[in-house]
Structures are given as structure tokens and as C-alpha cells.
Peer 1: 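Okay, handing you the structure first.
Since this is a predicted model, take the numbers as computed values, not measurements. Below, each value reflects all heavy atoms present in this structure, side chains not excepted, and no hydrogens, waters or symmetry copies. Each chain gets a letter, A, B and so on, in the order its sequence line appears, and its residues count up from 1.
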Amino acid sequence: MSSPLLPDAPAEKSAPTHFVREMILEDLKTNRFGGRVHTRFPPEPNGYLHIGHAKSICLNFGLAAEFGGKCNLRFDDTNPCKEELEYVESIIRDVRWLGFDWEDRLFYASDYFDQLYEWAVQLIQAGKAFVCDLSAEEVRAYRGTLTEPGRNSPYRDRAIEENLDLFGRMKAGEFPDGARTLRAKVDMASPNLNLRDPVMYRILHAEHHRTGDKWCIYPMYDFAHGQSDSIEGITHSICTLEFEDHRPLYDWYLNALGVHHPQQIEFDRLNLTYTVLSKRRLLTLVQTGYVSGWDDPRMPTISGIRRRGYTPRGIRNFCARVGVSKTNGTIELSLLEHAIREDLNRTAPRVMAVLRPLRVVIENYPEGQVEEMEAVNNPEDPAAGTRLVPFSRVIYIERDDFREDPPKQYYRLAPGREVRLRYAYFIRCVSVVKDEATGEVLELRCTYDPATRGGNSPPDGRKVKSTIHWVSAAHAADAEVRLYDTLFTREDPGAEEGREFTSDLNPNSLEVLQGCKLEPALAGAAAGSRYQFERLGYFCADPDSTPGKPVFNRTVALRDTWAKIEKSLKESR
RNA sequence: UGGGAGGUCGUCUAACGGUAAGACCGCAGACUCUGGAUCUGCUUAUCGGGGUUCGAGUCCCUGCCUCCCAGCCA
């Protein structure tokens with residue numbers, strides 16, 4: 001039994017069932033694998049995990065948990081040229097962070113190199129594999145095309161003894177890279193190109209991150225994956241749609257070897273609007289410096305969205321909601337944002353922060369006086385309690401919460417108008433101080449009503465249409481706040497004919513705000529701590545924060561009804 | 001023009017021959033010391049054409065469209 005979810009793991013939202021679960025249920029019913037369910041998540045350590053991998057992780061670990069089975073973490077490290085220890089470490093960190101546990105079952109395909117080699121020898125002895133001297137270009141030429149069959153390699157009928165000798169010498173390092181390959185004898189006329197005598201081993205004089213220089217021949221994915229599954233006793237080998245064509249080969253190797261034979265099942269990989277999710281493209285973004293690294297908060301990588309402030313539970317719930325099928329579709333980014341808001345709404349402490357400060361002097365408030373106002377920490381969670389927030393004569397409010405000439409349906413502050421300061425007082429704007437030269441609003445002069453202390457309605461029953469947030473100027477903590485927009489301007493980056501995906505990059509995906517004003521308690525916010533800045537959105541303290549200077553990332557904005565109204569107002573004009 | 005897999009609201013997913021459902025998005029309203037959250041209502045879909053059937057999204061035939069495959073990548 002495994003406990004795939006860490007102790008803090010919550011119950012997931014119940015999601016509709018799907019075909020993979022149905023297949024497992026059927027196998028359980030027929031006792032196909034002795035009632036066992038054993039899956040695995042098999043990343044290649046050649047890049048960082050992203051939100052698409054999260055779907056696969058949740059599926060594999062989730063199914064195992066559901067049926068009281070196990071799920072392994074296995075690195076598919078058969079290509080030393082692309083793989084690195086840094087990636088292995090990041091993947092381990094990310095899967096764990098998502099809330100899953102593989103106990104003692106951390107494996108590597110490279111653990112099986114000796115066994116794989118023996119199996120290759122076995123296939124040679126059975127007359128089912130041969131050493132081929134064709135070059136890469138020649139192999140391609142012999143392979144045929146989509147519509148024409150291929151031709152047999154001239155080396156296909158080599159004697160078994162010669163094959164054995166040559167393969168041994170390949171392993172011994174007698175030949176340079178690319179000089180020969182070991183190929184399976186399947187069928188050069190198969191309409192499935194994967195079956196046209198696929199390469200099993202290639203010569204690569206490259207250092208492997210785990211086996212060092214022990215090997216100079218490495219198995220191909222197809223010759224390693226199924227057997228690795230078999231060795232681990234996997235029952236259901238879940239992979240993405242593009243491997244559908246490989247299943248016949250997966251089955252062929254396992255049958256030829258006569259070993260435990262898992263069921264490969266293919267499902268649709270995740271696609272997200274305004275996002276790229278291919279390792280090649282993500283690598284490009286990192287290497288060309290379009291982003292600051294794999295963990296740039298604009299990246300769809302697990303490490304990126306973690307830094308951005310996304311929660312494991314929010315991501316898991318998202319994965320449950322997107323479903324599993326064989327339809328190649330694209331999920332709207334809004335669904336991800338919804339899942340994150342849903343979780344953060346329940347868990348994030350509320351706090352007041354002013355991003356674009358406008359100074360307000362409350363003329364009738366006693367100079368030098370400070371009051372501690374009681375504020376609710378989380379209206380969704382009474383147990384979160386309350387806190388005290390200092391209030392004084394000079395405060396900051398959001399520039400956007402004041403309009404000199406308010407449009408219709410705008411009911412925040414304006415000359416002569418009254419609003420509520422959350423948890424504090426009603427204030428009325430009595431005058432506006434402007435820069436004579438530029439016309440810029442420098443400061444507001446207001447009056448407050450002492451009868452509204454705590455933000456309560458006054459005895460006369462007077463109402464205000466709006467409540468705004470504020471921070472006491474003398475007590476505020478200064479902060480840097482980073483606002484993010486989508487990394488791309490198009491839903492489907494790079495989809496347009498002849499256009500590089502990088503030309504769809506959003507030049508405004510990052511906006512850095514300095515001089516933001518926070519409630520004093522946030523001065524020393526720990527990196528990774530999440531808050532809701534009231535009326536603005538969810539924010540997460542960045543590791544760049546220093547003791548005197550917190551840095552916050554906006555995880556996701558709150559739903560903004562006024563912004564919508566304003567937008568439609570502008571459009572209808 | 002070979003093979004494989006798909007096609008249900010704008011998006012994703014359900015309906016297992018018997019009233020096409022849910023979520024997200026959008027729109028409208030209620031409520032509110034967050035224009036947040038919550039609640040209510042509304043709009044919108046079975047790729048086309050034939051057939052079988054009392055009854056078809058589902059079964060059959062036939063078109064059309066989309067995705068994947070010609071790495072010694074995974």
C-alpha cells in the first residue's frame with residue numbers, strides 16, 4: 001500500500017469518471033493482473049516539469065491511490081546527451097511538492113541497462129535482432145515513406161554469431177558514434193513505420209549522469225520503456241496519444257521476450273491557451289532569456305507557477321476538472337485561474353495593500369493620533385481570526401479608486417463623494433491638490449465621520465456605495481510588486497503559418513511596481529507566503545524578498561466586475 | 001491518397017439504444033464593510049448525407065474535417 005498524498009493533501013473535488021479508469025475497472029473485474037493496479041510516472045530528465053506533466057502525475061498517482069495500488073517515479077534516462085542531474089533534482093522536488101509520494105520506488109531506466117543488454121543478446125540469439133552497418137541517412141532511405149514500404153537492410157541476414165560478436169564489440173567501444181546499430185527484425189513493409197526494423201541500440205560515446213562512462217551504447221526509448229515497465233511489475237502503462245503508434249512495438253518486444261506484459265493506455269496531453277507546453281519551446285524561452293529561468297513566474301513550469309503562488313491543491317483540482325479522454329483539445333486558461341482562485345479564496349489571509357498609492361490627508365483627524373482597527377483575516381474561515389491595522393491622519397489609497405470626473409456606474413471616490421475605508425471610517429473628498437504644471441493629482445484632502453468608526457454605518461442611516469482599501473502612510477511597508485499577464489498574446493502561440501512562436505510573446509507580460517504600500521505586518525513576509533490583497537488579487541512573496549524590502553508576485557487577479565463595466569463602456573462609445 | 005487516433009454548447013467533459021447533463025467562459029439579477037466570495041436565472045451543442053429501429057449523439061454505410069507517425073529523441 002502506498003500513501004500517494006502527503007498529510008496535507010485534501011480531498012479532491014469529485015470529477016466524472018473516464019475511460020482509463022473504466023479500463024482498469026474492467027481489468028480488476030476479470031482479475032487480469034491479479035487484482036493489482038501499479039502505475040508509474042516516467043519523465044525524461046531533460047527539462048523541467050510543467051502543468052501538462054501535472055495532469056499525468058495526478059492521473060498516475062491518483063489512479064494508484066484510488067485502487068489501493070502503487071505508483072513509481074521512474075526516470076526515462078536513455079539519452080545521455082540531453083539529460084542532466086539538475087533536471088532529475090527539479091523533477092523530484094516538483095512531484096513531491098504536488099503532494100505525491102513514491103515511497104522507496106524511485107527508479108531509473110539506467111538501472112536496467114544490464115538487463116536490457118542481456119535481453120538484446122537474447123533477441124539476437126532468437127534471430128529477432130541484427131547489427132546493421134547502415135548510416136543514419138541510409139537507414140532513412142531504406143525505411144521507405146508513408147505510402148511506400150521500406151527495403152530490408154543488406155545486413156539483415158547476418159549470421160547470429162556475427163551479430164553477437166559485433167554487438168559485443170559495439171558495447172566494448174570498438175566503433176565510433178553512428179557506425180552501427182542494433183535493430184529488431186520486425187517488418188520493413190509494415191504500414192506502421194515504427195515496425196520497420198526499429199533501432200534498439202545506438203552507439204553514443206557520451207557520459208551518462210548516472211552510469212558515467214560504463215556504457216557507450218544506449219537503448220532507444222522503445223526498447224527500454226516497456227521492459228522497464230515489465231521489470232517494475234507495472235500493470236497499466238499510461239502515456240500520451242503520440243505513443244499510440246508505438247504500442248504495437250511495445251507489445252512486440254514484450255512478447256518476443258516472454259516477460260510480464262503491462263497494458264499501455266494512451267490519453268490526451270494537456271494543452272492550454274496562451275501557453276506553450278513543449279520542452280523544446282520552454283527550453284528556448286529559458287536559453288534565449290525571454291524569461292528569467294525555468295522558475296520565472298510567467299512560465300507554465302511547476303517551479304514557475306509555484307513561485308507565482310499557485311497551490312498544489314489548486315493544481316490538483318484543475319487536473320481533476322480537465323478530464324481524461326482521447327480528444328486532442330485545448331483547455332482555456334480561465335479554468336486554471338478558476339481552480340487557483342477557488343483554493344486561495346478559502347485559504348489565503350486577507351490583507352490591505354496599495355499598489356499605486358495616492359496620498360490622502362484627513363483634515364479633521366487629529367494630528368499624531370493612531371488607532372488600531374480590527375480587521376477580519378479571512379471571511380471564508382472564521383477560525384483565521386482578526387488582526388489590528390493602524391490608522392492615522394495620512395493614508396494611501398489606490399489611484400484607481402479616485403476619479404476627478406467619474407464615469408457613469410463608477411461609485412468610488414470623487415470630489416464631494418463619500419466612501420467607506422474598509423474597517424476604518426467613512427471619508428468624503430473635499431478638495432484635490434494638483435500639480436499646476438501637469439495637472440497630475442498629487443493628493444486628496446478629505447474629512448472623516450467619527451460616527452463611522454470601524455467602518456460601521458452612522459446613526460443617520462447614511463449609506464455609501466463603495467468600500468475601498470487603504471494603508472496608513474506612517475506605518476506602511478514599502479514593497480515591490482510584480483504583475484503578470486499571459487506570456488503570449490495569442491491563444492495558440494506560433495499557430496500562424498510561417499510565424500515563430502516567439503513572435504507571439506507578450507511584451508507586457510511583466511510589470512514591476514515600486515513603492516507599493518503594504519500593511520506593516522507584511523514587512524517581513526516569508527518567501528512563498530500567500531495573501532489576498534483585498535480587492536486586487538492573490539499575491540505570493542517572492543524569494544527575491546529581503547528583510548526590509550518584500551517582493552510580491554501577483555498569482556492571479558480577483559474577478560473584476562468594474563473593469564468589465566469600464567471596458568464595455570469604452571467599447572460602446 | 002499508407003497507418004493510427006479523434007470529431008457533443010465558445011472551451012473541456014458526461015449521457016453505455018429511451019427527456020442531450022455539468023464545469024469554465026459570457027450575459028442578467030440578488031446579496032455584500034472586498035464591484036471579491038456566495039446565490040439565482042439566461043444564452044449556446046450531437047461534423048454532413050443516407051440507413052436500421054417504436055426510438056439514434058450512441059448501431060450500420062458513406063462523405064468531410066482535425067491530430068499523430070518517415071530521430072541512431074522521448
Peer 1: Testing Leu522(A), Val354(A), Leu558(A) for side-chain contact (heavy atoms from CB on, under 4.5 Å) with Phe533(A), which one passes?
Peer 2: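 Going through the options one by one, the only one that passes is Leu522(A).
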Peer 1: Can you measure Phe267(A) atom CZ to A5(B) atom C1' for me and round it to whole angstrom units?
Peer 2: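 It is 15 Å, rounded to the nearest whole Å.
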Peer 1: Considering only atom C1', compute the distance from C64(B) to G49(B) and round it to an integer number of Å.
Peer 2: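 Roughly 10 Å separates the two C1' atoms.
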Peer 1: Starting at CG of Asp381(A) and ending at C1' of U34(B), how long is that distance when rounded to a whole Å?
Peer 2: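 Asp381(A) atom CG is separated from U34(B) atom C1' by 17 Å.
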Peer 1: Taking any heavy-atom pair under 4.0 Å as a contact, classify His246(A): base, sugar-phosphate, or nothing.
Peer 2: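 The residue His246(A) makes base contact.
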Peer 1: Do the side-chain N or O atoms of Thr78(A) get closer than 4.0 angstrom to the phosphate oxygens (OP1, OP2) of A74(B)?
Peer 2: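 Yes, within the criterion.
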Peer 1: Closer to the 5' end of RNA chain B via nearest nucleotide, is it Ser334(A) or Arg453(A)?
Peer 2: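 Comparing both residues, the 5'-ward one is Ser334(A).
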Peer 1: Hey, is the side chain of Glu380(A) pairing donor to acceptor with the base of G36(B) inside 3.5 Å?
Peer 2: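 When only heavy-atom distances are counted, Glu380(A) does reach the base of G36(B) through a donor-acceptor pair under 3.5 Å.
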Peer 1: Under 6.0 Å from the six-membered ring centre of Phe130(A) and within 45° of its axis: does the NZ or CZ of Arg183(A) meet both?
Peer 2: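 Relative to the ring axis of Phe130(A), which defines the angle, Arg183(A) lies outside at least one limit.
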Peer 1: Looking only at side-chain N and O atoms, does Thr561(A) come under 4.0 Å of OP1 or OP2 in G36(B)?
Peer 2: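 Yes, because at least one side-chain N or O of Thr561(A) sits under 4.0 Å from OP1 or OP2 of G36(B).
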Peer 1: Output the rounded distance in Å from CG (Leu558(A)) to P (U38(B)).
Peer 2: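 Interatomic distance, CG of Leu558(A) to P of U38(B): 11 Å.
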Peer 1: OP1 or OP2 of G26(B) sitting under 4.0 Å from any side-chain N/O of Lys564(A)?
Peer 2: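 For G26(B), OP1 or OP2 has a side-chain N or O of Lys564(A) closer than 4.0 Å.
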Peer 1: Could you please name the option among U34(B), A74(B), A37(B) that lies closest to any side-chain atom of Asn345(A)?
Peer 2: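 Between U34(B), A74(B), A37(B), the one nearest the side chain of Asn345(A) would be A37(B).
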Peer 1: Ignoring hydrogens and angles, answer whether the base of G10(B) and the side-chain atoms of Glu332(A) contain a donor-acceptor pair closer than 3.5 Å.
Peer 2: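 For Glu332(A), whose side chain was compared with the base of G10(B), there is a donor-acceptor pair (under 3.5 Å).
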Peer 1: Out of G2(B), C24(B), U13(B), which nucleotide sits closest to the side chain of Leu335(A)?
Peer 2: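 Closest of the options to the side chain of Leu335(A): C24(B).
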Peer 1: Which part of the nucleic acid, if any, lies within reach of Gln409(A) when heavy atoms closer than 4.0 Å are counted: base, sugar-phosphate only, or nothing?
Peer 2: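 Base contact.
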Peer 1: Going by distance alone, is a donor N or O of one side chain under 3.5 Å from an acceptor N or O of the other, for Asp76(A) and Tyr108(A)?
Peer 2: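 The criterion, which ignores hydrogens and geometry beyond distance, is not satisfied for Tyr108(A) and Asp76(A).
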Peer 1: Report the residues that fulfil ring-ring contact (aromatic ring centres under 6.0 Å, His included) with Phe318(A), sequence neighbours left out, ordered by chain and then residue number.
Peer 2: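 Counting only residues at least two positions away or on another chain, Phe318(A) forms no ring-ring contact (aromatic ring centres under 6.0 Å, His included).
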Peer 1: Determine the contact category for Arg350(A): base if any of its heavy atoms lies under 4.0 Å from a base atom, sugar-phosphate if only primed atoms, P, OP1 or OP2 are that close, otherwise nothing.
Peer 2: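 Here Arg350(A) touches the bases of the nucleic acid.
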Peer 1: Quick one: is Thr327(A) getting a side-chain N or O under 4.0 Å of the G6(B) phosphate, OP1 or OP2?
Peer 2: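 Checking G6(B) against Thr327(A), no side-chain N or O comes under 4.0 Å of OP1 or OP2.
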Peer 1: With rounding to whole Å, what would you report as the distance between C65(B) and G48(B) at their P atoms?
Peer 2: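 That atom pair is separated by 15 Å.
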Peer 1: Within the 3.5 Å criterion, strictly below it, is a donor on Thr17(A) or Glu22(A) matched to an acceptor on the partner's side chain?
Peer 2: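 The criterion, which ignores hydrogens and geometry beyond distance, is satisfied for Glu22(A) and Thr17(A).
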Peer 1: Given that Arg559(A) and Gly323(A) both sit by RNA chain B, which one's nearest nucleotide is further toward the 5' end?
Peer 2: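 Final value for this comparison: Gly323(A).
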Peer 1: Could you state the atom-to-atom distance from NE2 of His338(A) to P of G22(B) in whole Å?
Peer 2: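 Atom NE2 in His338(A) sits about 16 Å away from atom P in G22(B).
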Peer 1: NA contact type, Pro248(A), heavy-atom cut-off 4.0 Å: base, sugar-phosphate, or nothing?
Peer 2: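 No contact at all - Pro248(A) keeps every heavy atom at 4.0 Å or more from the nucleic acid.
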Peer 1: List the steps, then state whether side-chain contact (heavy atoms from CB on, under 4.5 Å) holds for Asn79(A) with Asn46(A).
Peer 2: CA-CA 9 Å; Asn79(A) 185 351; Asn46(A) 67 342; over 6 Å; no
Peer 1: Are Thr311(A) and Arg316(A) packed together at the side-chain level, in the sense that at least one heavy-atom pair is separated by less than 4.5 angstrom?
Peer 2: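 SC-SC contact between Thr311(A) and Arg316(A) ruled out.
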Peer 1: Given Watson-Crick or G-U pairs with both distances under 3.5 Å, what dot-bracket string fits RNA chain B, with | for other-strand pairs and [ ] for crossing?
Peer 2: .((((((..((((....[..)))).(((((.......)))))....(((((..]....))))))))))).....
Peer 1: Under 3.5 Å, is there a donor-acceptor pair linking the side chains of Arg535(A) and His469(A)?
Peer 2: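 Judged by distance alone, the side chains do pair up.
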Peer 1: Hey, mind stepping through Ile427(A) and Leu413(A) against side-chain contact (heavy atoms from CB on, under 4.5 Å) and telling me if it holds?
Peer 2: CA-CA 9 Å; Ile427(A) 58 167; Leu413(A) 203 56; 4.3 Å; yes
Peer 1: Could you tell me the separation between the CD atom of Glu337(A) and the P atom of U11(B), rounded to a whole number of Å?
Peer 2: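 Computing the Glu337(A):CD to U11(B):P distance gives 18 Å.
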Peer 1: Sort me out a list of protein N/O and nucleotides 70-72 of chain B N/O pairs below 3.5 Å, or just none if empty.
Peer 2:
| from | atom 1 | to | atom 2 | distance (Å) |
| --- | --- | --- | --- | --- |
| A70(B) | O3' | Arg143(A) | NH2 | 3.3 |
| A70(B) | O2' | Arg143(A) | NE | 3.1 |
| G71(B) | OP2 | Arg140(A) | NE | 3.3 |
| G71(B) | OP2 | Arg143(A) | NH2 | 3.0 |
| C72(B) | OP1 | Arg143(A) | NH2 | 3.4 |
| C72(B) | OP2 | Arg143(A) | NH1 | 3.1 |
| C72(B) | N3 | Gly178(A) | O | 3.3 |
| C72(B) | N4 | Leu134(A) | O | 2.8 |
| C72(B) | N4 | Ala136(A) | N | 3.0 |
| C72(B) | N4 | Gly178(A) | O | 3.1 |

Peer 1: Rounding to the closest angstrom, what is the interatomic distance between C73(B) and C9(B) at atom C1'?
Peer 2: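 Straight-line distance between the two C1' atoms is 39 Å.
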Peer 1: Regarding Arg412(A), tell me which of base, sugar-phosphate or nothing describes its non-hydrogen contacts under 4.0 Å with the strands shown.
Peer 2: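 Since a base atom lies under 4.0 Å of Arg412(A), the category is base.
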Peer 1: When you compare the side chain of Glu44(A) with that of Glu83(A), does any pair of heavy atoms fall below 4.5 Å?
Peer 2: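 The answer is yes; the side chains approach within 4.5 Å.
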Peer 1: How many whole angstroms separate atom CH2 of Trp470(A) from atom C1' of U34(B)?
Peer 2: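 In whole Å, U34(B) C1' and Trp470(A) CH2 are 14 Å from each other.
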Peer 1: Are Arg535(A) and G35(B) close enough that a side-chain N or O sits under 4.0 Å from OP1 or OP2?
Peer 2: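 Yes.
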Peer 1: Just how far, in rounded Å, is C1' of U38(B) from CG of Asn378(A)?
Peer 2: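 Spelled out: CG on Asn378(A) to C1' on U38(B) is 14 Å.
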Peer 1: Regarding Tyr410(A), tell me which of base, sugar-phosphate or nothing describes its non-hydrogen contacts under 4.0 Å with the strands shown.
Peer 2: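 Here Tyr410(A) touches the bases of the nucleic acid.
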Peer 1: Arg422(A) near the nucleic acid: base, sugar-phosphate alone, or nothing, with a heavy-atom cut-off under 4.0 Å?
Peer 2: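 Base contact.
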Peer 1: Does any donor atom in the side chain of Gln227(A) or Tyr250(A) lie under 3.5 Å from an acceptor atom in the other side chain?
Peer 2: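 Absent: no donor and acceptor within the cut-off.
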Peer 1: Quick one: label Ser190(A) by what it contacts on the DNA or RNA (base, sugar-phosphate, nothing), any heavy atom closer than 4.0 Å.
Peer 2: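 Nothing, no heavy atom under 4.0 Å.
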Peer 1: Given C69(B), G36(B), C24(B), identify the nucleotide with an atom nearest to the side chain of Asp245(A).
Peer 2: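 Nearest listed nucleotide: C69(B).
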Peer 1: Tell me: CD of Glu244(A) to P of G2(B), nearest whole Å?
Peer 2: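 Distance check: Glu244(A) CD to G2(B) P gives 19 Å.
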Peer 1: Checking one value: the base orientation of G22(B), syn if chi is within 90 degrees of 0, otherwise anti.
Peer 2: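 The base of G22(B) is oriented anti (glycosidic angle more than 90° from 0).
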Peer 1: Test side-chain contact (heavy atoms from CB on, under 4.5 Å) on Tyr411(A) and Ser466(A); report intermediate values, then the result.
Peer 2: CA-CA 6 Å; Tyr411(A) 38 85; Ser466(A) 185; 4.2 Å; yes
Peer 1: Establish, from distance only, whether the side-chain atoms of Gln264(A) and Ser237(A) form a donor-acceptor pair under 3.5 Å.
Peer 2: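 Result is no, nothing qualifies.
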Peer 1: Between C60(B) and G17(B), how many Å separate the two P atoms, rounded to a whole number?
Peer 2: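 Between the two P atoms, the distance is 13 Å.
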Peer 1: Report which part of the nucleic acid Lys465(A) touches: base, sugar-phosphate, or nothing (heavy-atom distance under 4.0 Å, all strands).
Peer 2: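 No contact at all - Lys465(A) keeps every heavy atom at 4.0 Å or more from the nucleic acid.
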Peer 1: Looking at C12(B), A37(B), A74(B), which one has an atom nearest to any side-chain atom of Asn79(A)?
Peer 2: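 So the nucleotide nearest the side chain must be A74(B).
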Peer 1: Roughly how many Å apart are U8(B) and A56(B), using the C1' atom of each and rounding to a whole number?
Peer 2: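 One C1' to the other, the span is 14 Å.
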Peer 1: What nucleic acid atoms does Ile565(A) come within less than 4.0 Å of, heavy atoms only: base, sugar-phosphate, or nothing?
Peer 2: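 The residue Ile565(A) makes base contact.
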Peer 1: Using a 4.0 Å heavy-atom cut-off across all strands, classify Tyr218(A) as base, sugar-phosphate, or nothing.
Peer 2: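 Contact class for Tyr218(A): none.
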